[in-house]
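Please read the structure below before turning to the comments.
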Amino acid sequence: MIDVSERVKKIVVEHLGVDETKVTEDASFIDDLGADSLDTVELVMAFEEEFSCEIPDDAAEKILNVKDAIDFIKSQEG
Amino acid sequence: MFDLSDKIALVTGATGGIGFAIAENLHRQGAHVVLSGTRQIVLEEKAAALGNRVSIVFCNLGDSDAVDGLPKAAEATVGAPVDILINNAGITRDQMLIRMKDEDWDQVIAINLTSGFRLSRNLIRSMIRKRWGRIISISSIVGATGNPGQANYAAAKAGVVGFSKALAAEVASRGVTVNVVAPGLIATAMTDALPYEQKEKLLESIPAGRLGTTDDIAASVLYLASEEAGYVTGATIHVNGGMAML
């Protein structure tokens, strides 16, 4: 089973159509990866589907980079 | 043209003249229509008139919890999420501003404007995911021109236009269009009740020389709902026989 970090990165690469090497844990979706604000909403939707969880809006607003997403998902699984 | 097979359309205020004409037209082009309204018996009659590919969901749009539950209820009944949202329901509480009560204002804003916001917010997620969606709201000529005694109604109907433009800009890149149809004077039970002299006077102000029909409105809605109108978004189609050329 691929770990959370790899799965999150895969979604980001697929959704934003960016090069895998650019998707580091600290890469900001908007500032570094060229996402618009609706892309960030869609990323959260994709994370919800992939990990079968619900990410409430107040938590979603704080997910600004790959690490934020991984941390949130792990906190739910933990 | 305008084939809506496999599309699911939710129409609020579907028991009214314009609402049902919209439902009928979408249904004729193949859509499964969900009729929503507050008169259960009329809803059932209207559904029976359409035959198959039709569902009904009772909803009081003045109740925000009920509004938030409507898209889910529609989806549960049909078995798939709504593709086409028609914000048609509307009420009037006409009164000169100087005598207008808070509740006249609040109810008109709640049903004519806020319900559309809530329904759109609920449905936009699945539309974005599908990369296809249509949100069409029924405004009014009064939203553009104003009308004495209708400060609340005019504010709500103008609000619908601004709301639609903002949302249209947000979701245009995802294949979701958001548009408005603004009727002028349409022959319905409401205008039938006007005194003869007043009607005559009104007709003088309409270059087309007649009141509009509910089908005149439904035809514009049908176009905006279609695949063919995919490049039209943030627009308002004025259907008023030339009464106001905007």
Side-chain angles (χ1 to χ4, degrees), chain A residues 2 4-20 22-23 27-66 68-77, chain B residues 8 10 64-65 67-76 79-85 87 114-137 162-179 230-235:
Chain A
I2 330 170
V4 171
S5 161
E6 288 307 309
R7 287 157 74 192
V8 166
K9 283 182 183 170
K10 189 162 173 276
I11 288 171
V12 173
V13 167
E14 278 173 7
H15 189 85
L16 299 180
V18 288
D19 197 274
E20 218 178 312
K22 282 192 174 169
V23 185
S28 155
F29 297 138
I30 292 176
D31 296 334
D32 301 318
L33 302 176
D36 65 22
S37 51
L38 198 52
D39 283 321
T40 61
V41 174
E42 287 190 286
L43 278 172
V44 167
M45 279 159 48
F47 296 147
E48 287 178 326
E49 257 172 48
E50 171 76 16
F51 298 98
S52 308
C53 63
E54 207 162 295
I55 305 178
D57 287 341
D58 53 344
E61 280 167 18
K62 293 184 194 122
I63 299 179
L64 304 173
N65 61 32
V66 173
D68 295 336
I70 296 169
D71 289 348
F72 180 82
I73 290 156
K74 283 190 173 162
S75 77
Q76 296 301 294
E77 289 182 336
Chain B
I8 294 152
L10 169 61
S64 55
D65 289 338
V67 177
D68 284 336
L70 177 55
K72 272 258 145 50
E75 181 175 342
V82 170
D83 302 291
I84 302 165
L85 168 64
N87 292 314
T114 310
S115 71
F117 147 69
R118 286 184 173 277
L119 293 174
S120 302
R121 187 175 60 182
N122 265 283
L123 287 168
I124 202 73
R125 184 178 286 253
S126 65
M127 290 180 181
I128 288 172
R129 193 170 276 149
K130 281 182 294 195
R131 291 289 190 269
W132 202 95
R134 298 284 185 266
I135 296 175
I136 301 156
S137 300
F163 166 80
S164 299
K165 289 179 179 177
L167 180 56
E170 287 182 20
V171 298
S173 62
R174 268 56 172 189
V176 179
T177 69
V178 187
N179 291 290
Y231 200 57
V232 179
T233 195

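No hydrogens, no waters, no symmetry mates; every other heavy atom, side chains included, goes into these values. To find a chain, count down the sequence lines: A is the first, B the second, and so on, and within it residues start at 1.
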Any residue of residues 53-62 of chain A which, by heavy atoms, sits under 4.5 Å from chain B: A/Asp57

For B/Ile128 against A/Leu38, the heavy-atom pair lying closest together: CD1-CD1, 3.7 Å

Top contributor to chain A contacts, counting heavy-atom pairs under 4.5 Å, from B/Arg174, B/Arg129, B/Glu170: B/Arg174

Interchain contact, B/Arg125 with chain A, by part (heavy-atom threshold 4.5 Å): both

